[in-house]
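Working notes, structure below.
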Amino acid sequence: MKENQKQHQVFIEGAGLSFTISENDSILGGILRSGVGIPYECNAGGCGSCKYTLIEGDVVDDFEGSAGLRASDKRKNKHLACVSRPQSDCVIEIKPDAEYVAKTRPKRVNATLQSVEKLTHDLWEFYFESDPPARFLPGQYAKLSLPGVAGPRSYSMCNNGNNDGRWGFQIKRTEGGSASSFLFDNAVLGSRITIDAPYSIAHLNEQSERPLICIAGGSGLAPMVSILHGAAKMALEGKRPILYYGARTVDDVISKEYLDRIPHFDVEKQYIPIVSEVEPGNSWSGPTGMVHEYLAESLDDDCQDCDYFIAGPPPMVDAVRRHLILERKIPVEHLHYDRFY
Amino acid sequence: MSDQENYQKVCEVDDVWEGEMDVFDVGESEVLIVHSPGGEIRAYSPICPHQDHPLVEGELENCVLTCSAHLWQFDAISGKGINPTGTSLTSYPSKVEDDCIWVVLPES
Amino acid sequence: MALLKMEEWYDLARETNWTPSYVSQDELYPAPMSNNFDIPLEKWEAFDEPYKSTYRDYVGAQRDKDVGAYSVKAALARAEFFKNASPHWKALLALHFSAVCWAEFHSASAFARMTRFCQSPGMRNMATFGTLDEIRHGQIQIYFAYEFLKHDSVFDWCHKSSKTENWIIISLRHALDDIAHTRDATSAAIMLNMGLELAFTNLQFVALSADAAKCGDHSFATMLQSIQTDEARHAQIGEPIVRIMVENGKKKEAQQLVEISFWRMWKQFSALSGIGMDYYTPLEHRENSLKDFMEEWVIGQFGRTVEALGLDLPWYWDILKKDICSFHHANQIGVYAYRATEWWRPIAGTSPAEREWLEEKYPGWNETYGKCWDVISENIRNGDYEKTVPAPPPLICNMCGLEVVGTAGNEWNAVNHHVDIDDRRYHFCSEPCKWIFEIEPERYKGHKSIIDRVFDGTIGPEPDDFYNYMGQSESERGTDGYNYRWVDGYDEDEDAEKKYATG
Amino acid sequence: MNSKVTGMKTWSKLAKNKRRPSEYEIVTTNLQTRHRHRDQAYELSPAPDLSMNEWYRKYVFDSPLQHDDWEEFRDPDALIYRVYTRNQDAQEEFIDGVLSEHNEIGHDQDLQPEWLTVLEEMYTPRRYLQTALQMSAAYILQVAPASTITACAGFQEGDEFRWLQRVAYRTRELQMTHPERGFSKNERDHWENSPAFQGLRELMEKVLIAYDWGENFVASNLVAKVAADETLRELADVARSFRDPLLASLAENQLRDSDRSRRWSAELVKFCTDAKSENKTAIKGWIEAWTPLAKDAITAYCLALPAGEIAAKSAISRMEAFHRSLEI
């Protein structure tokens with residue numbers, strides 16, 4: 001978090017806004033830190049939400065060939081705010097969007113590893129601690145810069161914001177994944193990382209009175225745990241949130257004991273794990289199949305009036321949102337998710 | 001109508017079959033031509049009113065146009081939002097003449 | 001769930017024969033649709049399929065099979081694969097899909113004939129699955145082919161070929177109509193299930209699937225495997241019937257049906273899969289040759305199955321062992337030379353490196369077929385492209401519809417097998433093709449090969465008449481898939497392009 | 001260079017419509033080979049030398065039912081294999097649930113003796129009727145002049161087999177609870193000899209040998225199958241009054257399949273009559289020729305039901321209503 005990098009001035013044409021940004025920061029980071037909102041989701045060059053047109057100046061793109069930018073976009077001098085950094089003063093064109101104004105402006109903090117807990121054979125929970133308080137809303141994510149790993153990686157917090165500076169993440173071990181290889185193989189208690197947070201507007205809205213339905217797969221569990229903790233503090237009388245969790249195998253199912261720690265959460269009634277690949281001979285007696293197929297069979301007709309939080313592997317998120325929006329006709333504003341790729 | 005001379009040629013009708021949509025360059029601008037099942041032809045701005053995402057990457061099924069980014073849906077004939085409501089595609093006047101599709105684009 | 005187990009009730013669903021009284025047995029099971037080979041009805045009723053499946057399980061399993069194949073992700077991966085595929089692989093895909101889509105869909109009718117006209121309830125039910133399976137195989141493969149169409153119009157033939165009079169389509173239709181569609185239900189069941197599915201689908205689908213996986217086309221590979229598992233289910237119709245025939249003194253008849261259908265299918269596979277394996281599969285992905293596959297799966301495995309059922313090895317087994325090293329090599333020369341009569345872009349597949357592989361797999365290849373390719377290569381190097389296209393029409397076998405060929409070079413051994421009937425001479429590529437004709441000349445003698453149709457005036461004299469007759473517009477005539485760049489290897493693409501391109 | 005490799009929007013055979021074809025059209029049209037030459041449906045010696053070419057000429061090309069372009073027929077459900085298996089898997093799962101539920105509450109133990117007699121004589125023998133219907137659909141399939149018709153008939157054949165197996169399943173289940181009765185022993189005898197079934201059996205046997213493709217389609221799908229289904233509907237109504245909701249549920253589900261058969265059959269009728277007025281005459285003639293036999297079959301079956309004559313009348317009137325709906 002060195003602040004001795006060169007600073008540049010970025011001017012948003014048409015909006016009459018300008019802000020100062022360090023050469024090392026992404027345009028998106030700079031915009032959000034200055035209190036302006038523009039659309040974004042994955043923060044990693046995948047979804048293409050944060051496209052802007054460069055009118056003047058130089059930027060460097062950290063992610064050549066990112067999926068979010070088409071050849072035709074490049075011809076029109078478009079870039080992605082999340083993966084481009086200014087190299088001079090710039091003039092850009094992008095439509096500010098108040099919905100995306102950060103309720104807590106993202107900041108970079110240093111943190112050290114405090115504890116590790118094994119949730120399943122390959123999904124572990126890591127707690128870090130920072131000096132400044134941990135400020136974020138349930139469901140938001142952070143960009144973690146890990147030693148020896150090129151570029152930041154996005155992970156959702158699994159706890160709630162707090163003054164003790166505690167940040168919880170759940171990370172899945174993936175073969176050959178450098179981020180997971182640092183955390184699983186090299187990190188020791190006390191290892192230092194940098195956290196840039198919070199991001200995302202797919203967070204719990206304490207004003208909404210709609211019942212909550214959380215749908216997760218894989219490491220998409222973390223934001224749901226955060227949301228369920230957050231919801232526990234809200235007095236949603238008689239509106240118990242439901243957690244659907246899609247696991248590939250029985251071994252990937254999150255234990256009831258772990259979820260039992262969420263206040264007022266009745267795991268027997270509110271937690272529905274669904275397994276897609278049951279080995280022959282396994283004694284699994286719960287539902288099987290893909291999460292969206294299970295929802296197709298089991299969601300009630302009054303599902304229109306719920307808020308949906310969705311996180312997990314991209315194909316799962318895609319199948320679930322297609323089902324909810326295209327088949328169930330649920331209003332798009334009731335769905336909360338970030339499109340990662 | 002004084003529009004008459006402002007019509008610009010986009011493409012031939014055969015370029016966009018019933019049930020298809022496609023994007024064409026007209027001068028400096030782009031226009032989305034939607035040929036709905038049933039035969040109606042419409043011209044729209046090619047970008048979703050939600051965010052900067054090309055509509056042509058979405059789907060056109062049974063006169064419903066779905067944007068691939070956030071699955072916003074629009075009535076392909078009226079351009080009005082189906083989910084969410086209260087929004088609509090930016091529509092341009094269009095006509096079919098001499099087996100070609102013509103539009104009037106706003107002055108930029 | 002309190003449900004009965006399949007074994008508890010399955011047999012009841014196979015007790016469904018009744019004795020008609022408002023119509024006669026002969027009216028209900030007439031020739032040419034039915035033939036019980038004079039075996040008593042109760043023997044047919046004893047038909048027992050080794051692997052049993054219920055409708056309930058069938059739709060569940062089949063639904064699951066299709067989920068992955070039809071996903072958007074799989075479709076994108078296929079499109080990506082296709083864009084990067086070499087002309088070799090594109091030619092292979094075009095050839096595969098244009099031959100199998102309609103052929104498999106059409107097989108639904110052959111299974112329906114078994115359901116309607118056989119007299120074994122167990123077989124009736126298995127054949128119903130067969131009918132549904134074949135509808136699947138037609139539809140899923142044409143769906144895959146359709147994804148390629150927007151990149152390359154040669155794939156239009158996957159859809160349009162079924163009713164055309166292209167010589168390759170005639171040849172395939174003749175073979176399939178002979179074994180599956182113009183026979184009584186019992187014979188069709190033996191011929192289709194034994195002669196085609198049991199004998200060759202491993203070769204077609206397992207081998208191709210392995211190649212596809214090696215090339216990175218995983219969804220194609222998975223789809224082919226899933227087809228193969230369907231085939232394995234309904235192909236089991238053949239074995240119990242052969243057993244019933246053998247046990248009831250009809251070994252000779254069963255033997256002949258197997259021999260006819262196996263040979264007919266061998267000729268088709270030899271030309272289509274043989275060329276596909278040994279010439280069209282990209283060299284870096286080739287492991288086994290057609291000969292390797294044939295020796296292991298067909299001569300070995302199928303041979304053992306035939307003997308285990310109480311039949312003999314076909315009389316032409318020694319001829320077959322020679323044929324697996326020769327027929328497709330010779331036909332590849334013809335297929336390449338007459339490339340304009342084909343709708344895809346044929347591959348020579350005889351670059352220097354490929355010739356090395358062929359020599360290794362088929363010792364002596366260079367001295368025989370290689371000599372022909374020497375001449376073709378030399379003409380190309382000299383820019384004499386027209387010399388690579390033979391002027392005279394080829395001699396076409398009146399059974400298999402493929403070119404009458406022999407081993408080229410010093411060992412030239414083409415023998416003109418022929419039969420004369422009613423002032424017409426029928427030509428055959430081989431002793432077994434002639435033998436099949438002579439068993440029942442009435443079945444075949446009225447059919448005209450594409451060349452016969454030229455000579456009798458069905459096809460007009462102008463070159464365009466020939467292509468029009470075959471349904472090929474000018475843009476649908478095959479050209480060298482590499483534009484002759486293979487002659488000195490594929491590496492120096494740009495230079496070679498300049499060198500050979502402007503012919 | 002090779003001329004530039006370019007793709008196409010859709011199959012050339014579908015391009016003339018200038019319309020994006022549906023997935024159904026992409027994978028179901030133009031996959032048939034036999035409807036090419038009058039004497040040579042199959043690529044071997046022409047008729048009469050090859051008896052199968054003779055068969056196809058006589059019964060398909062020379063059928064009174066004619067169309068210049070059979071390939072233009074479309075299934076109104078636009079059903080393709082993967083949707084068929086998906087839908088039927090869901091239906092079968094539902095049926096599994098219904099069967100399991102009733103089994104668990106001892107449904108069969110509580111059935112009244114007089115109802116058990118009806119099940120034994122009127123329901124379980126229907127697996128033979130299902131077999132005849134399965135065979136009948138299989139014939140339509142193998143002579144159908146277009147692949148879109150092949151597909152419709154193929155799924156219908158699958159449906160008939162589905163219910164053949166479900167009736168067999170129920171037969172065994174009833175036998176296990178009531179071993180003293182004739183379940184799984186007497187069905188063939190009832191089918192071959194009981195007056196209730198002789199009309200249906202006569203109808204089916206005669207339909208099966210009506211080999212002309214047009215007549216077969218009409219006799220099978222517009223008359224015999226409709227008659228068979230309407231008798232099932234009557235049986236299901238009686239089941240309700242005898243507190244057998246299980247049979248009622250099964251029948252209701254089976255009749256959903258039959259509705260699909262009626263939809264495509266009615267569409268094929270319209271397709272034919274729109275093309276040629278002679279087709280109207282032919283179809284009308286066949287319906288008239290086959291209906292008396294079907295009425296007798298319905299009457300014989302229904303008279304053996306507790307509801308008797310009323311059942312027969314309502315079943316017949318529904319069959320006639322279906323015929324009227326065809327606007328022939």
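Below, chain A is the first sequence line, B the second, and so on; all start at residue 1.
Chain B forms more heavy-atom pairs under 4.5 Å with one residue of Glu41(A), Lys78(A), Arg339(A) than with any other, namely Arg339(A).
The two residues Ile325(A) and Asn83(B) have their closest heavy-atom pair at CG2-ND2, 3.6 Å. Residues Arg321(A) and Ala69(B) come closest through the heavy atom pair NH1-O, 2.9 Å.
Atom CD of Glu12(B) has 12 or fewer neighbouring heavy atoms from other residues, nucleotides or ligands inside a 6.0 Å radius. Within 6.0 Å of NZ in Lys74(A) there are more than 12 heavy atoms belonging to other residues, nucleotides or ligands.
You'll find the side chain of Lys95(A) stays beyond 4.5 Å of the side chain of Gln51(B), heavy atoms only. The shortest side-chain heavy-atom distance between Lys329(A) and Ile82(B) does not fall under the 4.5 Å cut-off.
Thr66(B) touches chain A through its side chain: at least one heavy atom from C-beta onward sits under 4.5 Å away, while N, CA, C and O do not. Residue contact with chain B, scored on non-hydrogen atoms closer than 4.5 Å, involves the side chain of Arg70(A) exclusively. Contact annotation for Ile94(A): neither backbone nor side-chain heavy atoms come within less than 4.5 Å of a heavy atom of chain B. Proximity to chain A (any heavy atom under 4.5 Å) is shown, for Glu61(B), by neither the backbone nor the side chain.
No side-chain donor-acceptor contact under 3.5 Å links Asp52(B) to the backbone of Tyr52(A).
Rounding to the nearest 0.5 Å gives a distance of 7.0 Å between OG1 of Thr85(B) and CD of Glu333(A). Going from atom NE2 of His70(B) over to atom SG of Cys47(A) covers 7.0 Å, rounded to the nearest 0.5 Å.
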